[in-house]
Each structure stands twice: as structure tokens, then as C-alpha cells.
Amino acid sequence: MSLNMKVEQMYGFHQFELPTAIKHGIGSIKHIGEEVKNLGVTKALLVTDPGIYKAGVTDPVVKHLKEAGVEVVVFNKVEPNPPVRLIAEGSRVYKEENCDGLVAVGGGSSMDTAKGIGVEATHEGSVLDYEAADGKKPLENRIPPLTTIPTTAGTGSEVTQWAVITDEEREFKFNTGGPLIAAHLTILDPELHVSMPPHVTAMTGIDALAHAIECYTMHYAQPVTDAVALLAIEYVGKYIRRAYSDGSDIEARYGMAQAAMLAGLSYGSESAGAAHAMSQTLGGIIPVAHGQCVATMMGPVMEYNWKGHPDKFARIAQALGVNTFNMTIEEAAKASVTEMYRLAEDLDIPDLEEQGVSPDMIDRLSKEAMKDPQTIGNPRDLTEKNYKWIYQRCFNQVPKTV
């Protein structure tokens, strides 16, 4: 990448918009009814997945909505890595039931599904027509009033301006978004997070950390995203092991909910980096859990990337609680990589083979990662050969360099 291009990425024209009202606190879900009603919603499509619905997590949401006079239509068919066909089914229900608002309860898949439904509810054609890529249509209309209620602390989709959708025909995950797709309101209630099992706490928590680290170190970073990213990193460093060890630790759950939201804000209107380019392209081919995949990749990605921004990686080490006193910038930057590997080990993150990914796929996966727009802006230039090295590190086929 040329110097002029890097300078343009780092110091060119940027924007940061926050279309989402953020309301939070222990027990805050009891306010959902009046809050949604205040958005002008009279009939909401509640978007969630079968597991959350059967577990009764959505029951208090439905209860409070109905008490406020908001009718509720339940769409509980959300799948991981939501495909285009699911969005089409949900938008059909939305239109047939004459809904005028959306409430998403769950993880990133539920929130991204709701965003996709919102796109099809306010635009002609399929969400696929609005892929954030050259030659595709930009969004023109604000989606219907959307309230997001995360039950995991990871994706940050409650405040991001993106939805990640799977095109099964291409075996490819694509982004659609901009300020017009963002939620109107998010309610963060850590009491909804206490039922998260440890492995979900781990993989979603490191996904949040990955958002913060990649957005902090990429060329598109700007002061406001740096600020929220650093605080997100500090919160994860302080709270994730506690939340993993004791799911009922409400302070840790609150801290992780804030970390995920702050990391989501760090996306701003831009992008992430190599780990998300790799995980999104891989997730379009194999139905891996996104957060778990990212958690496995972050150590190798940071091991490759630290040379691109050693001062920022040194600051990441401090934010994660590493004592960098008497360390050089290079030593501290390497310490951030070591800490990421240690964190993945402490949280029992499975490796890629345990997640069902074969090392035989490295060549294909490296080619696919180069196609992802998040490759652009990575703190260190990337080629297909570089991606192969990172994947080889994921499979321990080459030795560590730190």
C-alpha cells in the first residue's frame, strides 16, 4: 500500500455518527414497553432464536411490551450466520402482519437478522441488493424503529451500523449498512446475561475484545473510536475472566455488556481488520461460531500485526493489565500478543481443527480473506501469502515469533 493511501486512510475525511440511544442498568428491561412505545411502535416483530425463546428469555420482554399496549408478533427462527433466505422470511412476516417496529433479543445473529428485515421492509428487492460493495445500491431509507436487547456481550451489533448476512449461494458473508441501518434504541440489562454458559461468555467476550483491538489499530481509526476502544479493552481485561468463572457475577456481567457496546461503537462508520476478514469469509463456507473463530485467530493476527503499530499494541498491553514498567515499546507490543494467547488459553478457546476447520483449506481461506473489505485498513499490509502465514500459525504449522 502506498504511503499516500495510508495517510488518506489515517488523516483523510472521517465521520462518526451515533444514531442509537443507549439505555442501561440492572433490571432496565422493565422499561422496554414504554421505550418502544415512545418510538411510535404499536405492533412489533420480536426477532429471536429458538433457544432463547424456549428458555423463556424473551418472556419479560413480551410481558412489558404488552403491558404498554404494544402488540407483539414473534419471529423465533433466527439461525447463526443468518442467511438471505431467513431475512426474506422475516420481512414477509413483518409485512403480512402489518408491523411498524422491530425488537431484537439475543446475540449478533438476532440483531443482524432484525436489521436485514428492516432493510427489506423499507426498500425494494432483497437485502442482497444492498451489499456494501462497489456497484451495489446504497441504503436510501431509515429502517423501521428497531430496539436491540443483547443477551450476550460480544458482537456489539446493538450499536453498530452494520449487519452481516450470509449468501449461501456464494458461500460468502457480506455487510450491509450505514447510519440508516443502526438501531434506534438499545437496552443493556446485565441480568439477561447471567444465563450465558461459560463457553459463550468466552467466545463472545473475546469477539468484543477483537473489535476493540482491530478498530484501535487499523488505519481508519480516529480519536473518538480510539477512546471507546481503549475503554472496551480495559473492561474486557478486568471482567472477562470473572464473568467466565462466575456467571452470576452481576458486576462482571455489567462490565462486559459495556465493553461489547463500547467495542461496537469503535467500529464507527468504518471497519475492523484481518481477524474479521478471516472469520467472516470462513463463516460463509463453514458454519462456525463467529466469536469462537475470532477468538482463535486473534493471537496469530496480533502476532502478525504488532509491527504495523507498535505504540498502539504497547498501549493495548497496558489496557489488558500487563505491567509494562521498564519495557521498551517493542517489548510491550509483544507482551500484548502474549497476553492474548494467555487469555484464549485461560478461557479454553478451542482451536480451528476442534471447530471443524481442516488445515487443507488454508489456500482457499487465504484467497477468500483477501476479498473481504476488512483487509483494507489492517495495521500491516496483507497479501495472500501473509494470510497463509497467519492461518499456519492458527494451526501451529509455523513457530511463534514472540
Side-chain angles (χ1 to χ4, degrees), residues 1-2 5-6 9 79-84 128 131-136 162 164-175 203 206-207 210-211 213-214 217-219 271-309 313 337 340-341 344-345 349-402:
M1 184 184 296
S2 70
M5 188 177 296
K6 286 184 178 179
Q9 287 177 341
E79 307 169 22
N81 305 310
V84 172
L128 189 57
E131 178 180 345
D134 291 341
K136 296 283 185 162
W162 302 102
V164 183
I165 310 297
T166 301
D167 180 355
E168 293 174 312
E169 290 188 13
R170 287 186 294 167
E171 294 186 329
F172 183 74
K173 291 170 79 171
F174 66 91
N175 296 330
M203 68 180 183
I206 295 189
D207 187 28
H211 295 156
I213 289 174
E214 292 210 291
T217 58
M218 69 175 176
H219 294 317
S271 185
H276 277 79
M278 293 168 67
S279 60
Q280 284 195 190
T281 50
L282 172 57
I285 300 169
I286 298 176
V288 292
H290 170 75
Q292 193 165 258
C293 182
V294 172
T296 304
M297 294 172 171
M298 272 308 292
V301 166
M302 290 175 65
E303 188 175 345
Y304 174 81
N305 274 342
W306 75 264
K307 293 178 183 178
H309 235 318
F313 278 90
V337 181
M340 177 56 69
Y341 278 122
E345 184 177 343
I349 299 296
D351 62 33
L352 285 186
E353 285 196 85
E354 291 172 324
Q355 295 179 45
V357 185
S358 169
D360 295 338
M361 298 182 68
I362 288 178
D363 286 349
R364 179 186 178 186
L365 295 175
S366 300
K367 289 179 181 177
E368 293 299 320
M370 281 299 296
K371 300 176 185 177
D372 192 282
Q374 294 172 111
T375 291
I376 302 170
N378 192 67
R380 191 176 173 194
D381 290 348
L382 287 160
T383 64
E384 191 175 316
K385 181 180 178 181
N386 300 143
Y387 270 128
K388 285 182 181 179
W389 184 89
I390 297 171
Y391 266 115
Q392 287 171 336
R393 278 293 304 119
C394 290
F395 288 103
N396 291 310
Q397 292 182 350
V398 291
K400 284 184 180 179
T401 59
V402 296

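Note that this is a predicted model, so its numbers are computed, not measured. Residue numbers start at 1 and run along the sequence shown.
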Checklist outcome for this item: All heavy atoms of Arg380 vs all of Gly308, minimum pair found to be CB-CA, 4.4 Å

Item to check | Closest contact, heavy atoms only, Thr296 versus Pro350 | outcome: OG1-O, 2.8 Å

Checklist entry - With a cut-off of under 6.0 Å to the ring centre and 45° to the axis, is Arg393 in cation-pi contact with Tyr304? => result no

Item to check | Cationic tip of Lys400 above Tyr341 ring, under 6.0 Å, 45° of axis | outcome: yes

Checklist entry - Between His211 and His290, how do the two ring planes meet: parallel, tilted or perpendicular, split at 30° and 60°? => result parallel

Under 3.5 Å side-chain donor-acceptor pair for [X] and [Y]:
X	Y	result
Glu353	Ser358	no
Thr401	Glu303	yes
Gln397	Tyr391	no

Between [X] and [Y], is there a side-chain N and carboxylate O pair less than 4.0 Å apart?
X	Y	answer
Glu171	Arg364	yes
Arg170	Glu131	yes
Lys173	Asp167	no

Are any non-hydrogen side-chain atoms of [X] and [Y] less than 4.5 angstrom apart?
X	Y	value
Thr281	Met370	no
His276	Asn175	no
Phe395	Val357	yes

Does the [X] side chain pair with the main chain of [Y], one donor and one acceptor, at a distance under 3.5 Å?
X	Y	result
Gln280	Phe174	no
Thr375	Ala369	yes
Asn386	Thr383	yes
Thr166	Asn81	yes
Glu354	Asp351	yes
Asn378	Asp381	no

Checklist outcome for this item: Here the gap from Asp372 atom CG to Gln374 atom CD, rounded to the nearest 0.5 Å, amounts to 4.5 Å

Checklist entry - Should we say atom CD of Glu169 is surrounded by more than 12 heavy atoms from elsewhere, each under 6.0 Å from it? => result no

